[in-house]
There are 2 protein chains.
Amino acid sequence: MEPQESVTRSLAFLLGKLGQTATSRFADRLAPLGLRPRHCAVLELLSPAPLGQLALAQAVGVTPSVVVDMLDELEAVGALRRVRDSADRRRQIVEITDDGRALALSAARLAEQVDAELLDALDPAQATALREILVRVATAQGLPVTQAAPGGGRTAAPSG
Amino acid sequence: MEPQESVTRSLAFLLGKLGQTATSRFADRLAPLGLRPRHCAVLELLSPAPLGQLALAQAVGVTPSVVVDMLDELEAVGALRRVRDSADRRRQIVEITDDGRALALSAARLAEQVDAELLDALDPAQATALREILVRVATAQGLPVTQAAPGGGRTAAPSG
DNA sequence: TATTGTTATACTCTATAACTATA
DNA sequence: TATAGTTATAGAGTATAACAATA
């Protein structure tokens with residue numbers, strides 16, 4: 001890559017500022033649901049199968065103490081359950097509820113609305129390219145990204 | 001654009017999480033310089049011409065009280081000067097110094113290092129496409145982006 | 001002694017509101 | 001009365017460290 005010699009045109013800065021905008025807008029739309037953006041990743045990662053809290057923390061990419069708070073809030077809304085592991089009583093298995101799945105779906109639709117706003121300046125080909133590239137970068141950086149939906153639509157995990 | 005029905009694959013979420021990563025890494029590299037990411041935009045926006053603090057706040061996209069802090073810190077490092085406007089003594093004209101220009105340049109080089117890390121998973125054409133698209137989105141969203149560097153920007157891809 | 005989850009705490013970033021000094 | 005800048009403060013988001021229960 002050639003020298004840009006400009007911070008405001010660097011990916012580091014653009015992603016940071018754009019991410020701030022995107023997150024803030026998403027949070028606004030999510031508020032009526034009683035959710036915040038970070039909660040959504042938890043729900044989605046729990047969707048295919050239950051997880052312990054430490055595994056969840058690693059998957060979401062936050063520190064365990066943050067998971068405690070998020071789980072408290074999501075449990076209060078009825079989006080998930082903490083079940084004590086009978087085999088190892090230190091562990092809690094976190095399971096998503098039907099309400100949680102419904103919330104995750106609503107959240108995904110709201111995210112699409114924000115996306116549409118952000119993509120306003122782009123033609124469809126660029127919009128598609130942008131999403132593909134970002135998914136690739138995010139995956140390479142170890143960030144939580146759920147499996148691609150085959151056929152471009154539904155999330156079809158090996159449901160449990 | 002088709003429904004994704006996934007938050008973690010939405011632009012809103014991807015940009016947020018990626019932005020967080022990018023900003024944090026950039027901040028780490030910037031720390032030895034006594035700068036943080038947001039300072040860099042100030043220096044760059046001041047580069048072509050001095051600005052008053054309110055104009056600067058609007059240009060950077062933060063609230064005026066934040067500008068005060070940033071300016072205090074940048075002034076302490078000798079990166080800029082606040083000059084009282086003799087025509088309107090309420091105003092302060094903010095001017096970048098030679099040291100400030102040098103810092104801005106160093107910062108841009110550090111940003112490039114972070115970019116290289118982030119772009120690791122992409123081929124050159126995708127990397128170029130990503131930057132162009134993000135600049136376009138950021139500009140459309142009213143975020144601060146300086147003019148393209150003359151002579152020093154492109155060549156890499158057979159950009160369509 | 002190590003590990004799971006929790007609590008307490010602190011730090012960063014950003015915004016709002018009240019204040020000052022000019023106008 | 002309005003405006004430029006400042007101060008004080010509060011909120012969200014994240015991280016570290018100490019702690020309880022269990023292994």
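The analysis underlying the following values was restricted to heavy atoms, covering all of them including side chains, and did not include hydrogens, waters or symmetry mates. Chain naming here is simple, since letters A, B, ... match the order of the sequence lines and numbering starts at 1 in each.
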Q) Whole-Å distance between C:dT20 C1' and B:Asp88 CG? A) 14 Å
Q.
Regarding A:Arg25 and B:Gln141, do their side chains bring together a donor and an acceptor under 3.5 Å, going by distance alone?
A. yes
Q: Using heavy atoms to find the nearest nucleotide of DNA chain D for A:Ala87 and A:Pro37 separately, return the residue whose nucleotide is more 5′.
A: A:Pro37
Q: Test for a donor-acceptor pair under 3.5 Å between the base of D:dT3 and the side chain of B:Arg90, counting only N and O atoms.
A: yes
Q.
Rounded to whole Å, please give me the gap between CZ in A:Phe13 and P in C:dC13.
A. 13 Å
Q) Stepwise, does the side-chain hydrogen bond (donor to acceptor under 3.5 Å, both in side chains) test hold for A:Glu44 with B:Thr8? A) CA-CA 8 Å; A:Glu44 256 180 42; B:Thr8 54; 2.7 Å; yes
Q) Can you tell me if B:Arg101 uses its side chain to pair, donor with acceptor, with the backbone of B:Ser47 under 3.5 Å? A) yes
Q: Report yes if at least one side-chain N or O of A:Gln20 is closer than 4.0 Å to OP1 or OP2 of C:dT14; otherwise report no.
A: yes
Q.
Strictly below 4.0 Å: does B:Arg36 bring a side-chain N or O up to OP1 or OP2 of C:dC13?
A. yes
Q.
Need to verify one output field. Residue with the more 5' nearest nucleotide on DNA chain D, B:Lys17 or B:Arg91?
A. B:Arg91
**Q.** Side-chain donor/acceptor contact of B:Ser65 with base of C:dT16 under 3.5 Å
**A.** yes
**Q.** Cluster link B:Leu14 to B:Leu122, ILVMFWY, side chain under 4.5 Å
**A.** yes
(Q) Let's see if you get this right: which residues in residues 68-86 of chain B place a heavy atom under 4.0 Å from DNA chain C? (A) none
**Q.** Short side-chain N/O contact from B:Gln92 to OP1 or OP2 of D:dA4, under 4.0 Å
**A.** no
(Q) Can you see whether A:Gln53 engages A:Arg82 through a side-chain donor-acceptor pair at a distance of less than 3.5 angstrom? (A) yes
Q. In whole Å, what is the span from the CZ atom of A:Phe26 to the P atom of D:dA12?
A. 17 Å
Q. Roughly how far, to the nearest 0.5 Å, is CG of A:Leu35 from CG of A:Leu110?
A. 9.0 Å
Q | Given DNA chain C, 5'-ward residue of the pair B:Thr63 and A:Gln53, judged by closest heavy atom | A | A:Gln53
(Q) Using a strict threshold of under 4.0 Å (side-chain N to carboxylate O), is an ion pair present between A:Arg29 and A:Glu117? (A) yes
